[in-house]
Amino acid sequence: MAGEKRYDHIAIEKKWQQTWNEAHCFEAKDDRSLPKYYALIEFPFPSGAGLHVGHPRPYTALDVIARKKRLEGYNVLFPIGYDSFGLPTENYAIKTGEHPMKVTERNISVFHRQLQMLGMSFDWSREIYTSDPAYYKWTQWIFLKLFEKGLAYKAELPINFCTSCKVGLANEEVIDGTCERCGAPVIRMVRSQWMLKITEYADRLIDDLDKIDFSDRIKTTQRNWIGRSTGAEVTFKIDGYPEGLKIYTTRPDTMFGATYMVVAPEHPLVEALKDRITNMEAVEAYREQAAHKSDFERSELAKDKTGVPLEGVYAINPCTEKPIPVWISDYVLMGYGTGAIMAVPGHDTRDWEFAMKFGLPIVEVVAGGDVTKEAFTDCETGVLVNSGFLNGMQVEEAKKAIIEYLEGKGIGHKKTNFKLRDWLFSRQRYWGEPIPLVYCEHCGWVPIPEDQLPLTLPEIDNYKPAEDGSSALARATDWIHTTCPKCGAPAEREIDTMPNWAGSSWYFLRYCDPHNDKALASKEALDYWMPVDWYNGGMEHTTLHLLYSRFWHKFLYDIGVVSCPEPYLKRTSHGMILAEDGRKMSKSFGNVINPDDLCRDLGADTVRLYEMFIGAFEQTIPWSTTGVMGCRRFLDRVWRMLDMVKGEGERPEMRASLHTCIKKVTEDIERMKFNTAIAGMMSFVNEVYSNGSITRDELRTLLILLDPFAPHIAEEMNEQLGFEPLYKAKWPVWDEAALVSNVQELGIQVNGKLRTKMTVPADISQEELKELVLSNPDLANWIEGKTLRKFIAIRNIVNVVVG
RNA sequence: GCAGAUGUGGUGGAACGGCAUACACAGCGGACUUAAAAUCCGCCGGCGAAAGCUUGAGAGUUCGAAUCUCUCCAUCUGCACCA
C-alpha cells in the first residue's frame with residue numbers, strides 16, 4: 001500500500017500547513033456555549049535575526065496543549081502577535097535611516113513565515129502587533145484611564161540614563177551599574193518623568209498570588225521583588241528639630257536596645273540642624289563623597305561601613321529616655337522607609353558591624369545569643385531582657401506590646417513597607433507609543449480626547465535622540481505644537497514615549513477581540529475568554545512583564561473593563577536551550593542553530609519532537625545534533641509502520657500496550673512531562689516492531705497521540721490510512737480494564753533487600769501469596785531458621801521481614 | 001549574606017515512599033550488502049576475587065528512601081546594606 005512513498009517531510013509539511021490554513025481549523029470559534037481554553041505564549045519581539053531554536057520550545061509545548069485540548073472538544077484560543085516597539089528596531093533605523101515601521105513589517109513577515117513553517121496551530125486571524133496604531137490606540141486609552149484615576153503622575157526624578165543609548169532606564173534595566181542592552185555605564189540625571197503607581201497595588205499583587213497556579217519559583221521571586229515587610233514607624237525626639245526623627249523598623253521589640261541612630265546622607269535633618277552640628281565640615285565632606293557614588297558603588301563598597309557622627313545632635317530613645325547619638329551613613333538609603341533608622345547593634349547584623357567599627361555601645365535586649373560575638377537576630381527563640389515592661393516576652397508578643405505602647409503615647413504606629421518602587425514610564429525614544437497628553441500653561445497636563453486616539457507618531461527623517469537625551473520627537477516641532485483640548489490656548493505635546501512594557505501589559509486582552517474599534521475588546525469576548533488558562537514564558541519576565549501586566553489587569557478590573565482580578569490562572573516557565581558547547585547561543589560565538597536549516601534538512605516535526613524530548617521542560621539544556629537525529633529516526637520508524645498495517649480493530653495482545661501508551665501520553669502532557677510522553681510512544685512503537693504488525697485502528701490511535709507533537713506526519717499517515725483528518729478527530733480515552741494483566745511480576749525482598757522475582761496470578765489472595773513466597777527455594781538462604789516478623793505485600797513488591 | 005532550584009551511567013535524562021538507570025544519544029557485536037550508508041536484531045553503569053557495595057557526603061524516619069527530615073559540600077539562578 002501507501003508505504004512505498006518515502007517520508008518526504010518537505011512536501012508533507014507544506015501540504016498540511018496549506019490544508020490547515022484553508023480549512024481555518026485552528027481558529028477560535030465564536031460559539032460561547034462551548035467550554036473554552038486559552039493557551040498563551042509570550043509574543044516575540046520581531047528582531048532582524050528571525051527565530052532561533054530557543055523560540056520553538058515554549059511555542060511547541062503550548063501548541064501541544066492547544067492541539068490536544070481541541071481534540072478533547074474545547075474551543076481553544078491560541079493566538080500569536082508581535083511586541084514590535086522597541087530599541088533594537090529604533091537603533092537599526094538610526095543606523096540605516098529606514099523607517100522603523102518598514103523594518104518592523106519586514107521582520108514580522110520573517111517571523112510569520114517561520115512560525116508557519118514550524119506548524120504552530122495559531123489562530124492567524126487574530127495576529128496583532130503593538131506598533132499598529134489600531135492596537136496602540138488602546139494602549140494609549142489605558143494610559144489615559146490611569147491618568148484619570150491619578151495613577152499616572154509626573155515626578156522630578158534622578159533617572160538612570162544610559163550614556164550610549166541616550167535613554168532613561170528603569171531600575172530593572174540597569175545591571176550592575178551598566179545598561180542592560182548595551183553594557184555602557186549608566187549615570188544619574190534629573191528629569192521630569194511619568195510614573196505609574198504600581199505601589200498602590202503592591203499588597204494585592206502579593207496577596208492574590210495565593211489564588212493562582214504559578215510555580216513556587218515564580219511566586220517567590222515576585223514576593224521578594226515586591227518585598228513587603230511589616231514593622232513600625234516611630235518618631236524620636238531631637239533637640240532643635242521639632243518634627244522629630246521618624247524611623248522605620250521591623251523590630252520595634254528591640255527598641256530598648258537602640259543605642260544610636262543613623263540617617264541617610266541626603267536626609268533633610270542634616271540641613272535643618274546644620275547650626276547645631278559642630279563638625280559640619282566633616283559631615284559635608286561625607287555627604288559630598290556619598291553623592292558622587294552611584295548606587296552600584298555604594299552597594300559594592302558595602303562590606304566596609306563608613307559614617308560620620310552628627311556631633312552636637314542627640315535623639316532621645318523613647319523607651320529608655322536616654323540621649324543617643326545620631327550618625328549619617330550611606331548604609332541607610334533615602335529611598336526606603338523614612339531614610340532613617342534606629343540602630344540596634346545587638347540584634348541587627350549591619351548595626352552590629354557599624355557599632356563595632358565605631359565603638360558604639362551594644363546592648364542585649366533579646367536573650368539567646370552572644371552579642372559580644374555577633375548580632376542575635378533570631379525571632380523564634382529569643383526572650384526579651386533589659387527592656388522594662390517587655391522583659392520575659394517572646395519577640396512576637398513584644399512587638400505587639402511595644403506598638404500598643406507607642407500608639408498610646410502617640411509617637412508610633414504599625415507600618416508596612418515595600419521594596420517595589422513606582423514604575424518609571426517615560427522613555428526618551430521615538431519608536432514607542434506617544435503619551436497622549438499635552439501641556440498647557442493654564443490647564444497643566446491635559447489628556448487628548450478619546451475620540452482623537454490614536455495619537456500617531458509623526459513622520460521624521462532622523463530617529464536619533466537629541467543630544468540632551470530627549471527623544472527624536474523633540475525635533476518634530478509641527479507635531480509638538482498644538483492647542484489645549486480644554487481651553488484652546490497654544491500647548492505642547494509630551495515628547496516622551498511609553499516603555500516597551502506598555503504594549504505587552506494587555507495584549508492577551510486584545511486577542512479576545514482583536515478587530516474591535518469601539519473598545520480594547522468587547523465585554524462579552526473578555527468575559528468568555530478571560531482569564532488565560534495557561535501562560536508560558538521566560539523566567540526573566542517574572543519581575544517585569546508579569547508584574548506589570550498583573551498590575552494593569554487589576555486596574556482594568558477596578559474600572560470594570562475585565563471581570564477577573566487576575567489575568568493568568570497558570571504560569572509556567574521553560575528552560576533555555578544552550579548551544580552544543582554548553583554556552584549561550586550567540587552570533588559572536590558562532591554557535592547559533594537556525595530553525596530554517598533544521599526544518600529543511602529534517603523537518604519541522606523532527607524539530608518539534610526533539611525540543612519536547614530534549615529534557616524536562618523547565619530545565620536549561622544544551623542542544624544535541626545527534627539527539628535530533630534520534631528523533632528523526634523515530635519518525636522514520638513510525639512512517640515505516642504504514643508497511644506493517646494488517647487488519648482492523650484492537651487486537652487483544654496489543655491492547656495493554658496501546659492503552660498504557662494512551663494513558664501515559666494523556667497524563668504526561670497535562671503534567672508538562674513532554675519527554676516521557678514521547679518515550680511512552682517510542683516504547684509502544686518498539687513493541688509493534690517486535691510484534692511485526694499493527695492494525696489500521698491501532699495505528700490511527702497512535703497517530704492521534706502523536707499529532708500534537710508531530711502534526712504533519714501524523715496527518716499524512718492518517719490520510720493514507722483513509723481516515724478523516726486528525727484535526728477533526730477525538731482524543732482517545734484509555735480503558736483502565738485493559739491495563740490489568742492476569743499475571744503479575746513481583747519483586748521479592750527480604751528485610752528490604754531485593755532477593756528474587758516471582759510471577760503470580762493477579763488475583764492471588766494474601767494467604768496464598770504468603771505461602772508461595774515463603775516456600776520459594778530462592779529465599780531459603782535468607783529466611784531459613786529465622787522468625788517471620790512481618791509480611792508486607794504492596795503493589796508489585798513483597799517484603800519478608802525476618803529476625 | 002538572603003532566597004529559590006539542581007546534584008542519578010560515557011551523554012540528555014526515567015523512576016505515585018516499593019524491582020534504580022525507562023526512553024534516547026554515543027559505543028560494541030550480528031544480519032542484509034561486492035562494499036558503504038540506511039535498516040533490522042542483539043549487547044551495553046561503576047567498584048569488587050566473591051558475598052556484595054553503589055543515586056554529591058553524612059546522619060535520621062520507615063518493613064522499605066534517588067524520593068521524606070536534618071547537617072554539610074558543589075553547581076546554577078534571582079535579590080543584594082530594604083532597617
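In what follows, every chain begins at residue 1, and chains take the letters A, B, ... in the order their sequences are listed.
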Say we look at B:rC2 and B:rG12: how far apart would their C1' atoms be, to the nearest angstrom?
33 Å
Give the rounded distance in Å between these two atoms: CZ of A:Arg251 and P of B:rA83.
12 Å
Listed in order of residue number, which residues of residues 675-682 of chain A have a non-hydrogen atom at under 4.0 Å from RNA chain B?
A:Asn675, A:Thr676, A:Ala679, A:Met682
Starting from P on B:rG13, measure out to CG on A:Leu578 and report it in whole angstrom.
11 Å
Within the pair A:Arg755 and B:rG52, is there a side-chain N or O less than 4.0 Å away from OP1 or OP2?
yes
Can you tell me how far C1' of B:rU39 sits from OH of A:Tyr7, to the nearest Å?
17 Å
Counting the atoms with a prime plus P, OP1 and OP2 as sugar-phosphate, which does A:Asn796 contact under 4.0 Å by heavy atoms, base, sugar-phosphate, or nothing?
base
Syn/anti label of B:rG56 as read from its glycosidic torsion, with the cut at 90° from 0:
anti
B:rG78 and B:rG10, which share atom name C1', separated by this distance in whole Å
33 Å
Return yes if some donor-acceptor pair links the side-chain N/O of A:Glu374 with the main-chain N/O of A:Thr349 below 3.5 Å, else return no.
no
Is any side-chain N or O of A:Lys753 closer than 4.0 Å to OP1 or OP2 of B:rG52?
no
SB check A:Arg640 A:Asp643 (cutoff 4.0 Å)
no
Is the shortest side-chain N to carboxylate O distance from A:Glu670 to A:Lys664 below 4.0 Å?
no
By nearest atom, which of the nucleotides B:rC79, B:rG13, B:rC19 is closest to the A:Trp225 side chain?
B:rC79
Using atom C1' in both nucleotides, what's the gap between B:rC73 and B:rA57 to the nearest angstrom?
7 Å
Consecutive Watson-Crick or G-U pairs in runs of at least 3, all under 3.5 Å, in which RNA chain B is involved
B:1-7 with B:73-79, B:10-12 with B:23-25, B:27-31 with B:39-43, B:45-47 with B:52-54, B:56-60 with B:68-72
Residues passing the salt bridge (charged side-chain N to carboxylate O under 4.0 Å, His left out) test with A:Arg632, sequence neighbours excluded, are A:Asp636
How many Å lie between NE2 on A:His545 and C1' on B:rG78, as a whole number?
18 Å
Residue-phosphate contact under 4.0 Å: A:Arg633 side-chain N/O, B:rA38 OP1/OP2
no
Using atom C1' of each nucleotide, how far apart are B:rU54 and B:rA65 to the nearest Å?
15 Å
Under the salt bridge (charged side-chain N to carboxylate O under 4.0 Å, His left out) rule, what pairs show up with a residue in residues 747-762 of chain A, not counting sequence neighbours?
none
Would you tell me whether A:His574 and A:Asn536 have side-chain atoms, one donor and one acceptor, within less than 3.5 Å of each other?
yes
Residues 248-261 of chain A vs side-chain hydrogen bond (donor to acceptor under 3.5 Å, both in side chains), sequence neighbours excluded, gives A:Ser229-A:Tyr248, A:Arg251-A:Asp253
Between A:Phe418 and A:Leu754, whichever has its closest RNA chain B nucleotide further toward 5' is A:Leu754
P spacing across the pair B:rC68 / B:rA5, given as an integer number of angstrom
11 Å
base_contact_polar (B:rC81 base, A:Lys305 side chain, donor-acceptor, <3.5 Å):
yes
Calculate the interatomic distance between A:His574 atom NE2 and B:rA5 atom C1'; express it in whole Å.
17 Å
Check whether any side-chain nitrogen or oxygen of A:Arg640 sits under 4.0 Å from OP1 or OP2 of B:rC40, and answer yes or no.
yes
Could you give the CZ-to-C1' distance, from A:Phe617 to B:rA5, as a whole number of Å?
17 Å
Verify the neighbour count for atom NZ of A:Lys219: are there more than 12 heavy atoms of other residues, nucleotides or ligands below 6.0 Å?
yes
List in chain and number order the residues that pass salt bridge (charged side-chain N to carboxylate O under 4.0 Å, His left out) with A:Asp210, two or more places apart in sequence or in another chain; answer none if no residue qualifies.
A:Arg223
Could you tell me how far B:rC25 sits from B:rG42 if I compare only their P atoms? Round to whole Å.
15 Å
Name all residues meeting the side chain to side chain donor-acceptor pair (under 3.5 Å) criterion together with A:Asp601; count only those two or more places apart in sequence or in a different chain, and write none if there are none.
none
Would you call A:Glu353 and A:Lys305 a salt bridge, using N to O less than 4.0 angstrom?
yes
Tabulated below should be each protein N or O lying under 3.5 Å from an N or O of nucleotides 60-67 of chain B; please produce it.
{"unit_1": "B:rC63", "atom_1": "OP1", "unit_2": "A:Lys790", "atom_2": "NZ", "d": "3.3"}
{"unit_1": "B:rC63", "atom_1": "O2'", "unit_2": "A:Asn799", "atom_2": "ND2", "d": "3.1"}
{"unit_1": "B:rC63", "atom_1": "O2", "unit_2": "A:Asn799", "atom_2": "ND2", "d": "2.6"}

Please work out if A:Ala343 contacts a base, only the sugar-phosphate, or nothing of the nucleic acid, heavy-atom cut-off 4.0 Å.
nothing
How many Å lie between CG on A:Asn224 and P on B:rC79, as a whole number?
10 Å
To the side chain of A:Phe613, which of B:rA83, B:rA20, B:rA24 is closest?
B:rA24
Which parts of residues 624-632 of chain A get close to RNA chain B, meaning a heavy atom less than 4.0 angstrom away?
A:Thr626, A:Gly630
A:Leu333, nearest nucleotide to its side chain (from B:rA14, B:rA83, B:rC41)
B:rA83
Whichever of A:Tyr248 and A:Ala616 has its nearest RNA chain B nucleotide further upstream toward 5':
A:Ala616
Quick one: A:Glu540 CD to B:rG78 C1', roughly how many Å, whole number?
12 Å
Are OP1 or OP2 of B:rA14 and a side-chain N or O of A:Arg671 less than 4.0 angstrom apart?
no
Under the salt bridge (charged side-chain N to carboxylate O under 4.0 Å, His left out) rule, collect the residues that match up with A:Glu767, sequence neighbours excluded.
none
Considering every strand and a 4.0 Å limit on heavy-atom distances, what is the contact class for A:Asp636: base, sugar-phosphate, or nothing?
nothing
Are A:Tyr331 and A:Asp351 linked by a side-chain donor-acceptor pair shorter than 3.5 Å?
yes
Taking atom types as modelled, is there a side-chain donor on A:Ser657 or A:Glu687 under 3.5 Å from an acceptor on the other?
yes
Test salt bridge (charged side-chain N to carboxylate O under 4.0 Å, His left out) applied to A:Lys246 - qualifying residues, sequence neighbours left out:
A:Glu233
Assign the ring pair A:His541 / A:Trp501 to parallel, tilted or perpendicular, where the plane angle (0 to 90°) is split at 30° and 60°.
perpendicular
Give a yes/no answer on whether the side chain of A:Arg217 brings an N or O atom under 4.0 Å of OP1 or OP2 in B:rU6.
no
Would you indicate what A:Tyr689 reaches in the nucleic acid, counting non-hydrogen atoms under 4.0 angstrom: base, sugar-phosphate, or nothing?
sugar-phosphate
Looking for any heavy atom pair under 4.0 Å, which part of the strands does A:Glu745 touch: base, sugar-phosphate only, or nothing?
base
Would you say A:Tyr336 places a side-chain N or O within less than 4.0 Å of OP1 or OP2 belonging to B:rA83?
yes
Suppose we screen for side chain to side chain donor-acceptor pair (under 3.5 Å). Which residues come up paired with A:Thr626, at least two apart in sequence or across chains?
A:Ser624
Regarding A:Trp352, tell me which of base, sugar-phosphate or nothing describes its non-hydrogen contacts under 4.0 Å with the strands shown.
nothing
